[in-house]
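Notes for the one structure printed next.
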Amino acid sequence: MADTLFPFNRKLLSNLTEAILFVNQTGIVLAGTKTAYTLLNCPMHSVSENVENYLDFAKLKSAEGRTSILSLKHETSNFFEVKCILVNEGVYGVILKPLTVQDGSSYRLDDNSKDCDGLLIVANDEILDCNESFANMFQYSKKELKEKRLNDLLQFKTKLTDRLWGKELESALITGNKKDGSPIYIQVIDYSNHDVKEGAKILLVKNITDQIRNEKRIEYMAYYDELTDLPNRNFFMKMLHEAIVKAKQEPTQLAVYFLDIDYFKEINETLGYSFGDKLLKALSHKLKTFLDADTFIARIGGDEFLLLQHGITSKEHSVMLAEELIAEFEKPVKIEEHDIYTSISIGISVYPSNGTSPEALLTHAQSAMHVIKEKHRNNYKMFETSISENFKSMLTMESDLRKALQKEQFELHYQPQKNLITGEIVGMEALLRWNHPEKGYIPPLDFISLAERTGLIIDIGDWVMYEACRQNKLWQGGGYDPVIVSVNLSAKQFHQKDLVSKIQHILNETGLEPKYLELEITESMAMTNEKYILNTLQQLRELGVLVSIDDFGTGYSSLRYLSVFPVTKLKIDKTFMDDNQKQNKAIVKSIIHMSHSLNMKVIAEGVETEEQIAFLKEEKCDEMQGYFLSKPLPPGKLVHLLSTG
């Protein structure tokens, strides 16, 4: 049998120094190394020798694949680390490593396994011996350890002897302390197959400190926010679920607060994201001052936080906390050399009146927060049923908005712009229209803000830019005099890092010359981050694209900004064209004269009467647009206003 199973092993085994035996399933020795035969004091090449004569083979097979510590049957003072491995059908490999115990009163563990798990011989609390690996784990020498008790190293909640002789030992996580006081986590496996001395045990000690630390790290990441050290959304939802279960039993009310930092995005963009992180840490510290037995606080990401309040007696009770939070956040925060004044918008939902599940309470609190943030900021809002209906409507519109791009429901209408001196049409402002298949035309005011919030404005804006350039080139290809097409840019679009390269790509693809494209940005956008804005505007002008400031007069521009920014035109907001307000004319005059002094053109929008035209001509305004000339129309209905060259 040995020759048929192992025809190639004889020469190989003769060159191995390790103690290895090959046996069949009944324990008959098939082959082995000289070292193995010597350790067992077994005759080599015997065809009838059974390993069962030397070791408990039944126990080895039952622990197949795991290391055991066994003594020789005929020499109880000799111990081996033994592993039995199934290497082929009906054939086992037995690997032996000596572990010597010298006599009945003294024990010594072989130190060949310094890089392995720790081995330990104990009797009650007394350390009889250990190997170097165990000593290294605890940063002691073997001599030092023999002078210590096991309780000096390990922390047991129950009596030591109960743990060592208890059934739960091998599954237990035991905490210890190294010589320098740092913690160590171990698992202990009982390797004693019989008493080596009355009351003594041989233990294998596994250092699982790295594993435990990784598990703790993973647990931390699962339940805590790393930046602020506050619980995260997962932890909050877990606590909210438990609070609801408890509230059903008592019963009592709970309040969920959804907090959003006002103008945090602007602070990030102005002072940088590193500064924003420092601000979030400082604001988190403010929130932590509200922690007590009845509150639980979490950060769910960005500038949004959650607060759970237990045991409230009424909605008025929850309002009191909201007002305290608002007052606290109005106090300035010192970050570096800046005194930062912040405010918060808070949405509140109350259990059980506003929901009986964690998801419902969180959703309703978030809905209420969005309502107050859009209208007032620095305030709170209790959830109402009408908010939920509006929120559902918003979700429906968001879904429809995503489909609108895919199904080509968007259209561009164009409002012509006229030179007041020559009377020629010199430009067209591209205005977005949504032709919904069921609701008809939806005004931009009803969906642009939603597109901004959801980020859809980027894809929509890309489509508008391409379509406006394509249409303008189409007019030119039809023989009409070239005009400038104006496209409005949202804040999100303008702050894209690849904006300039994206516009250049669109111009190349449509074949439109840059001088026939004008980008309109709002006055407030232009003044958000002077350095970044200036850099982007300069790149656009180098590309050859024109830039105008829309709604001029409604923001907070300064002459210094206007003199530095490479802007080609100012657009007077239509609110200043109201003839009933005398001061409006004075404002319009000032804008026109200031613009001309800065070598900029001026265009007035919202022009509807002959009197307004006469006034603008008298003040030497360059251009106009409005219903007096034409309302926004589809491309095909504007060709009569365009002249052929």
Side-chain angles (χ1 to χ4, degrees), residues 411-434 441-449 452 464 468 483-491 518-527 546-557 562 567-596 598 600-635 637-638 640-642:
E411 300 175 4
L412 283 187
H413 289 193
Y414 298 85
Q415 188 169 40
Q417 298 169 333
K418 181 179 180 180
N419 186 304
L420 284 169
I421 299 172
T422 66
E424 296 175 330
I425 301 299
V426 293
M428 296 281 184
E429 181 179 4
L431 298 165
L432 183 63
R433 297 291 183 265
W434 180 7
Y441 281 103
I442 299 177
L445 286 176
D446 291 353
F447 67 85
I448 289 298
S449 61
E452 284 269 8
V464 170
V483 295
I484 296 168
V485 65
S486 300
V487 176
N488 292 281
L489 286 183
S490 71
E518 181 177 72
L519 303 177
E520 295 187 8
I521 62 173
T522 64
E523 187 178 6
S524 56
M525 281 167 53
M527 306 308 152
L546 305 175
V547 179
S548 67
I549 294 183
D550 193 14
D551 302 334
F552 189 79
T554 60
Y556 49 92
S557 298
L562 293 176
V567 175
T568 51
K569 188 189 295 182
L570 296 183
K571 196 169 193 178
I572 300 173
D573 187 74
K574 59 185 178 182
T575 57
F576 296 115
M577 297 312 297
D578 186 354
D579 295 330
N580 296 323
Q581 300 291 331
K582 289 183 179 181
Q583 66 267 32
N584 283 350
K585 286 189 175 182
I587 293 172
V588 172
K589 284 182 182 181
S590 299
I591 293 174
I592 293 172
H593 297 159
M594 178 191 67
S595 301
H596 288 164
L598 295 171
M600 297 181 192
K601 287 185 178 181
V602 186
I603 181 171
E605 64 177 344
V607 179
E608 299 179 354
T609 67
E610 290 185 3
E611 289 77 16
Q612 290 171 340
I613 293 285
F615 168 71
L616 292 171
K617 285 183 176 180
E618 183 180 345
E619 297 302 326
K620 295 183 173 51
C621 183
D622 301 290
E623 299 169 5
M624 59 79 66
Q625 75 179 81
Y627 275 39
F628 184 82
L629 176 61
S630 172
K631 66 179 182 180
L633 294 170
K637 294 186 178 181
L638 284 167
H640 69 283
L641 291 174
L642 298 170

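Throughout, numbering of the chain's residues begins at 1 and tracks the sequence.
- With sequence neighbours left out, the side-chain contact (heavy atoms from CB on, under 4.5 Å) criterion links Asn488 to Glu429, Leu431, Glu520, Asp550.
- Each of Lys571, Glu424, Met428 was checked for a side chain to side chain contact (heavy atoms under 4.5 Å, CB included) with Gln417, and the lone residue meeting it is Lys571.
- For the pair Thr568/Glu518, a side-chain contact is recorded, criterion being any heavy-atom separation below 4.5 Å from C-beta on.
- A side chain to side chain contact (heavy atoms under 4.5 Å, CB included) with Val602 is found for exactly one of His596, Lys620, Met624, Glu623, namely His596.
- In this structure, CD1 on Ile549 lies 9.0 Å from OG on Ser595, to the nearest 0.5 angstrom.
- Scanning all heavy atoms of the two residues, the minimum distance from Gly606 to Met577 falls at O-CB, 4.1 Å.
- Between Ser548 and Ile603 the shortest side-chain heavy-atom distance does not fall below 4.5 Å.
- For Ile421, the side-chain contact (heavy atoms from CB on, under 4.5 Å) test picks out Asn419, with sequence neighbours left out.
- In this structure, Phe615 has no ring pair (Phe, Tyr, Trp, His ring centres under 6.0 Å) partners at least two apart in sequence or on a different chain.
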Verdict with supporting geometry, Met594 and Leu570, side chain to side chain contact (heavy atoms under 4.5 Å, CB included): CA-CA 10 Å; Met594 178 191 67; Leu570 296 183; 4.0 Å; yes

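- At least one side-chain heavy atom of Val567 sits less than 4.5 Å from a side-chain heavy atom of Met600.
- Heavy-atom minimum distance, Ile587 versus Phe576: CD1-CE2, 3.7 Å.
- Rounded to the nearest 0.5 Å, atoms NZ (Lys601) and CG (Leu546) are 8.5 Å apart.
- Note: Glu611 CD to Leu616 CG = 11.5 Å, rounded to the nearest 0.5 Å.
- Expressed to the nearest 0.5 Å, how far SG of Cys621 lies from NZ of Lys589 amounts to 13.5 Å.
- Atom NZ of residue Lys631 and atom NZ of residue Lys637 lie 7.5 Å apart, to the nearest 0.5 angstrom.
- For the pair Leu412 and Arg433, the minimum side-chain heavy-atom distance is 4.5 Å or more.
- Annotation: the span from Ser486 atom OG to Glu605 atom CD amounts to 10.5 Å, rounded to 0.5 Å.
- For Ser490, the side chain to side chain donor-acceptor pair (under 3.5 Å) criterion is met by Glu452, Gln493, not counting sequence neighbours.
- Val487 and Ala430 make their closest contact through CG2-CB, 4.5 Å (heavy atoms, listed as atom of the first residue, atom of the second, distance).
- Judged as a side-chain contact (heavy atoms from CB on, under 4.5 Å), and not counting sequence neighbours, Ser590 has no contacts.
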Criterion side chain to side chain contact (heavy atoms under 4.5 Å, CB included) on Leu629 and Ile425, from CA distance to verdict: CA-CA 10 Å; Leu629 176 61; Ile425 301 299; 4.0 Å; yes

Pair Leu432-Ile448, side chain to side chain contact (heavy atoms under 4.5 Å, CB included): steps then yes or no: CA-CA 10 Å; Leu432 183 63; Ile448 289 298; 4.1 Å; yes

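- Residues passing the side chain to side chain donor-acceptor pair (under 3.5 Å) test with Glu608, sequence neighbours excluded: none.
- In plain terms, the two heavy atoms of Val485 and Tyr414 that are nearest each other are CG2-CE2, 4.0 Å.
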